[in-house]
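Reading through the structure tokens given below for one structure.
Indexing begins at 1, ligand by ligand and atom by atom, following the structure's order. Values reported hereafter were calculated over all heavy atoms of this structure, with side chains retained and with hydrogens, waters and symmetry mates removed. Every value quoted in this text rests on a predicted model; they were computed, and no experiment measured them.
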Amino acid sequence: MRRYDIAVVGQGLIGSAALDALLRYGADAIGFDPLGPGAETGSSHGSSRVFRRFNFENKNYTELSDEAFSGWERLANESRQQLLIPSPVLEAGPQGSDVIRASREAVGAFGLKPPPLLNGREVNAMFPAFQLPHGWDAVVQDGGAILLAQLALTALRSRAKAVGRVVGCAITRLEDGGDHVLIQTPTETIRANRAILALGPWTAKFLPELSQILEVTRQTVGWFKPAWSDTTKLNVFPIFLLAISEDNLIYGFPDFEGRGVKAAPHNLGPVTDSDAWALPPNNDELRPVSKALADFVPGAAGPITERDICLYTNTKPADRRPDKGNEFIIDRWPNSNLIVASSCSGHGAKFAPAIGERLARLALDPTYRTEPFFRLSRYSAFPVDRDLGG
Ligand SMILES: Cc1cc2nc3c(=O)[nH]c(=O)nc-3n(C[C@H](O)[C@H](O)[C@H](O)COP(=O)(O)OP(=O)(O)OC[C@H]3O[C@@H](n4cnc5c(N)ncnc54)[C@H](O)[C@@H]3O)c2cc1C
């Protein structure tokens with residue numbers, strides 16, 4: 001039986017970042033995943049993700065973004081390719097929008113001067129593809145970028161690939177044996193001292209207790225042929241997020257690949273399961289996006305040329321240490337040799353190097369704990385953390 005110190009099950013952006021960190025620290029680690037870069041499923045698939053430095057979702061994430069940014073830069077230097085394409089991030093919504101307020105507060109909370117509150121008229125003058133209502137609130141954030149996700153996944157996997165530490169198959173069974181973990185693949189059983197589970201939408205299949213806390217949703221993405229192509233290119237068109245109403249958030253990218261403007265809803269789609277990839281995306285699912293572009297971004301509002309689906313894995317609101325939900329889980333699994341990361345909720349990709357680092361530390365350093373807002377103990381279904389006083 002082959003033996004390793006640490007197994008990493010799932011090699012999407014999060015698991016491959018964890019395995020890469022472990023191997024950098026000289027750990028005896030191995031990863032498993034049936035999918036590789038270029039696959040059409042898995043929550044990390046596709047060419048791009050948004051990198052935002054300041055996150056309206058949670059001001060605590062700025063430090064995580066900065067840590068991740070350093071990680072992406074290191075990886076870009078190692079792989080000698082660009083992984084982040086800098087771009088301003090425009091966030092806009094009706095006057096008084098909570099998203100715009102929270103986005104500006106995330107800058108202030110970090111001790112920096114918040115960027116000016118703009119109105120729709122000013123944004124339309126800055127970015128000619130946009131026709132926002134003049135009274136809307138808006139902010140243009142620095143520190144944003146397009147993360148070249150598929151290149152990033154390939155780069156994150158390269159160290160493990162070079163030393164033959166990625167197994168290209170799905171594990172069929174996982175058994176915690178008290179002082180070790182047994183990992184069953186279709187052809188062998190492998191023994192590890194600890195295992196990191198970074199299974200994205202498949203997490204609850206191996207940890208069914210999490211099915212009460214995680215919800216997987218179907219998210220449809222479209223590419224729109226620009227109506228005014230000279231207004232939608234990189235540098236004249238920002239990464240954008242329109243918070244049209246509480247349940248109608250639309251985000252998109254400049255036409256940086258010549259495929260058109262990629263745009264999608266950021267609010268949660270229908271609840272599904274991890275096998276939902278089979279149902280092809282359709283234009284009806286993209287109707288709110290088409291309408292938003294026609295109403296507010298006419299320069300991008302041409303016909304849909306490509307579609308894709310992806311799955312968000314969202315956490316429900318926590319009860320013991322209350323949060324609003326859609327936060328990450330990065331923690332040890334109680335009374336076991338397992339470590340779990342559920343880093344999706346539609347905004348985990350950008351943080352992959354920082355989350356991978358945390359997972360590696362959880363596996364290597366028994367005294368290390370993640371930040372309280374990432375821990376399982378925030379849910380009353382999990383044991384109390386003594387060091388948090390309950
Ligand atoms: C439409 C969409 C848009 C998004 N946009 C952004 C964005 O703009 N910015 C951002 O930061 N984030 C974004 N995200 C979120 C981000 O992409 C995810 O948080 C991140 O990619 C999740 O990575 P993961 O490694 O946790 O999951 P995954 O990439 O799903 O990885 C899980 C892996 O586990 C493997 N696996 C499953 N079963 C087994 C098994 N039995 N054995 C071994 N391996 C197994 C799978 O093959 C898969 O590769 C978006 C997500 C979606 C869906």
Have a look at ligand 1 and work out which part of [X], if any, has a heavy atom under 4.0 Å from it: side chain, backbone, both or neither.
| X | value |
| --- | --- |
| Val221 | side chain |
| Tyr251 | side chain |
| Ala198 | backbone |

Worksheet item: Should Trp223 and Asp255 count as side-chain neighbours, where that means a heavy-atom distance under 4.5 Å?
Response: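 When only atoms from C-beta onward are counted, Asp255 and Trp223 do not touch, as no gap falls below 4.5 Å.
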
So if I count the atoms of ligand 1 from 1 in the order they appear, which ones are less than 4.0 Å from some heavy atom of [X]?
| X | result |
| --- | --- |
| Leu311 | 53 (C) |
| Val9 | 42 (N), 43 (C) |
| Gly346 | 5 (N), 6 (C), 7 (C), 10 (C), 12 (N), 13 (C), 14 (N), 15 (C), 50 (C) |
| Pro201 | 30 (O) |
| Gly42 | 30 (O) |
| Val50 | 7 (C), 8 (O), 9 (N), 10 (C), 11 (O) |

Worksheet item: Less than 6.0 Å separating the ring centroids of Phe127 and Phe240?
Response: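 That pair fails the under 6.0 Å test.
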
Discussion item. Is the distance between the ring centroids of Phe328 and Tyr61 under 6.0 Å?
Written reply: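 Between Phe328 and Tyr61, which both carry aromatic rings, the centre distance is below 6.0 Å.
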
Fill in: For atom 44 (N) of ligand 1, the option (of Ala264, Ala170, Pro34) bearing the nearest heavy atom
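Ranked by closest heavy atom to atom 44 (N) of ligand 1, first place is Pro34.
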
Fill in: Nearest option to atom 36 (N) of ligand 1, as decided by whichever heavy atom of Leu199, Asp308, Val216 sits closest
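Answer by nearest heavy atom: Leu199.
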
Discussion item. Counting only heavy atoms from other residues, nucleotides and ligands, does the tally under 6.0 Å from CD of Glu209 exceed 12?
Written reply: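 Count over threshold, so yes.
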
Discussion item. Heavy-atom contact check, 4.0 Å cutoff: does Phe206 meet ligand 1?
Written reply: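 In this structure, Phe206 qualifies as a contact of ligand 1 - some heavy atom is under 4.0 Å.
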
Practice prompt. Sort out for me which residue in Asp5, Asp176, Asn337 forms a side-chain hydrogen bond (donor to acceptor under 3.5 Å, both in side chains) with Arg194.
Written response: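 The option that passes is Asp5.
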
